[in-house]
Protein chains: 2
Amino acid sequence: MSDRSEVSVAAPDGVVTAVKGGPSSRCHSCGVRHVTICGVVDDTVLKAVESISRTIGVEQGETLFVEGDPVTAVYNITRGIVRLSKMLPDGRRQITGFLFPGDFVGLGARMAYGYTAEAMTAACLCRFEKPRLDKLMREHREIEDQLLALMEKEVDLAQERMLLLGRKTAAEKVASFLMSLSERFDGAETFPVAMTRADIADYLGLTLETVSRTLSAFQRDGLISLERAHMIRLLDRTRLEDMTGT
Amino acid sequence: MSDRSEVSVAAPDGVVTAVKGGPSSRCHSCGVRHVTICGVVDDTVLKAVESISRTIGVEQGETLFVEGDPVTAVYNITRGIVRLSKMLPDGRRQITGFLFPGDFVGLGARMAYGYTAEAMTAACLCRFEKPRLDKLMREHREIEDQLLALMEKEVDLAQERMLLLGRKTAAEKVASFLMSLSERFDGAETFPVAMTRADIADYLGLTLETVSRTLSAFQRDGLISLERAHMIRLLDRTRLEDMTGT
DNA sequence: CGTGCCTTTGACAAGTATCAACCCAAGTGG
DNA sequence: CCACTTGGGTTGATACTTGTCAAAGGCACG
């Protein structure tokens, strides 16, 4: 555990995600040794991080916390997909992010969580109690820096999303979504879409019908191939890239 | 300067914004003593911050930096309003934020700025060279904590905005905008709207015509009174609040 | 082999965008 | 001092994208 280990994590859909560096621990529910904090840290820090983290398994659909809950913990995903969302009182929902293995859940929450986090698939998470993590951050500057960097990336992504939500057309939104998903799978040509059309719609600020129609249109135009509803193959990356509007 | 001073900052439109605590310095362009970093810090830190900040004045319309520029500095606004925006290649624009006195510009940018920052009004800014600020953050933990807290708030706001952009109707967007603007002016009943209809539209993901129509409709319904195009009076806060959808 | 959830597709409605005309106030220059 | 210009802002007519409602198909799971 002292070297910069490379650990492979089984994604829920069978695809394997490789993550480099960082501490890891054995998942109680699936037994796989998972990465818990990304980035390379020295041995002492690694041990410290491991000492305050506890790996937990959650079932599909399980809620980690709800918008407004007092902040008790931060999680790092080792397996599965987590959905972050905000709701309006009348039930309209905006999904603010899909988180994958390696991503943090709850970073940057101070008093209360600003969104709800749910496991979209069975998942394994490293749980860090907030007070212990705060203490660790104070003791190990490298960790604070890591988390700060992660938050900066998050802010950046959020702004990109605002541009998408506010100014892109339905087709551009869906194309952007497909391209970014593909990136998550290492630029693979064919990849699984773990979320339902309704989830995609709530992520892109559309209706599920519009998402479905747009995907069908992409298929008609030879941009993609819907192998199955949840398995997509990109046929013409270049043209799809052009359609993102970016 | 050793006590926790309260400093009043003249906003561009004549309204006075009070900000408590933090270091301050005299603005070269307007001569007013401005707050430069919010939050309370001790004497040593205060002096250190002051030593690396330089107050600058910018004219209306001036660009601080453009999306993609390498990050050289972070700014704190002491006077005026700054507009942050992202553009699509074809010219569509999304304004990601309007920043007021006390707000930071460029926090959380690592290598390149992710958005363009322009002064919407004549403005005064405290400029912190990035390397010197980073050094100071490393030396004074309190500062890093302050900035971290600010970033957390930013993430929260960004997510609230996603909900607005993705799921709210035009009327709800405009109502939300008015309520949050009113907050900025301490809940005042009548307050200036410094931005044009086009700016508001690009902020809310609408067209300027829709913004104009919605404001007119609000006036017809007795919710607001458009004293002038850029001066709004809230007539029925309760009903307006209900219209925000939140 | 039903039952239920998700997806697709169609017909239609509605909300916004687009295009265009006009207004108003503030400069600007003859 | 007044015509002219210019940069918003408002309003109307119309188009179009996207949402809504509804029905039917497919796939997984008990």
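The chains referred to below are lettered A, B, ... by the order of the sequence lines, with proteins before strands, and numbering in each begins at 1.
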Practice prompt. Take the protein atom CG of A:L165 and the nucleotide atom C1' of C:dT16, then report the distance between them rounded to whole Å.
Written response: 17 Å
Worksheet item: Has A:S216 got a side-chain N or O lying under 4.0 Å from the OP1 or OP2 atom of C:dT9?
Response: yes
Fill in: Spacing of B:E209 atom CD relative to D:dA15 atom C1', expressed in whole Å
14 Å
Discussion item. Would you say B:T210 places a side-chain N or O within less than 4.0 Å of OP1 or OP2 belonging to C:dA17?
Written reply: yes
Item to complete: Measure the acute angle between the ring planes of B:F191 and B:F185, then classify it against the limits of 30° and 60° as parallel, tilted or perpendicular.
Response: parallel
Discussion item. Determine whether A:Y203 and A:R83 satisfy the following criterion, side chain to side chain donor-acceptor pair (under 3.5 Å), listing intermediate values before the conclusion.
Written reply: CA-CA 10 Å; A:Y203 181 70; A:R83 170 179 64 211; over 6 Å; no
Response to the item:
From CG of A:L226 across to P of C:dT9 the rounded distance in Å is 9 Å
Practice prompt. Assign B:L206 to base, sugar-phosphate, or nothing according to its heavy-atom contacts below 4.0 angstrom with the strands shown.
Written response: sugar-phosphate
Fill in: Option passing side-chain contact (heavy atoms from CB on, under 4.5 Å) with B:Q94 (candidates B:L88, B:L165, B:L204)
B:L165
Practice prompt. Give the rounded distance in Å between these two atoms: CD1 of A:I224 and P of C:dT7.
Written response: 14 Å
Discussion item. How many whole angstroms separate atom CG of B:L208 from atom C1' of D:dG7?
Written reply: 12 Å
Discussion item. Is it the case that over 12 heavy atoms from other parts of the model lie below 6.0 angstrom from the CD atom of B:E227?
Written reply: yes
Worksheet entry | Interatomic distance where CG belongs to A:L215 and C1' belongs to C:dT9 [whole Å] | 14 Å
Worksheet item: Counting only heavy atoms not in A:D186, do more than 12 fall under 6.0 Å of its CG?
Response: no
Item to complete: Using whole Å, report how far NZ of A:K168 lies from P of C:dA17.
Response: 18 Å
Worksheet item: B:Q219 CD to D:dT11 C1': how many Å, rounded?
Response: 14 Å
Discussion item. Under 4.0 Å from OP1 or OP2 of D:dC27: is there any side-chain N or O of A:H230 that close?
Written reply: no
Discussion item. So A:R228, base contact, sugar-phosphate only, or nothing? Heavy-atom distance under 4.0 Å.
Written reply: nothing
Discussion item. Should the side chain of A:R213 and the base of D:dT20 be counted as holding a donor-acceptor pair, with the cut-off at 3.5 Å?
Written reply: yes
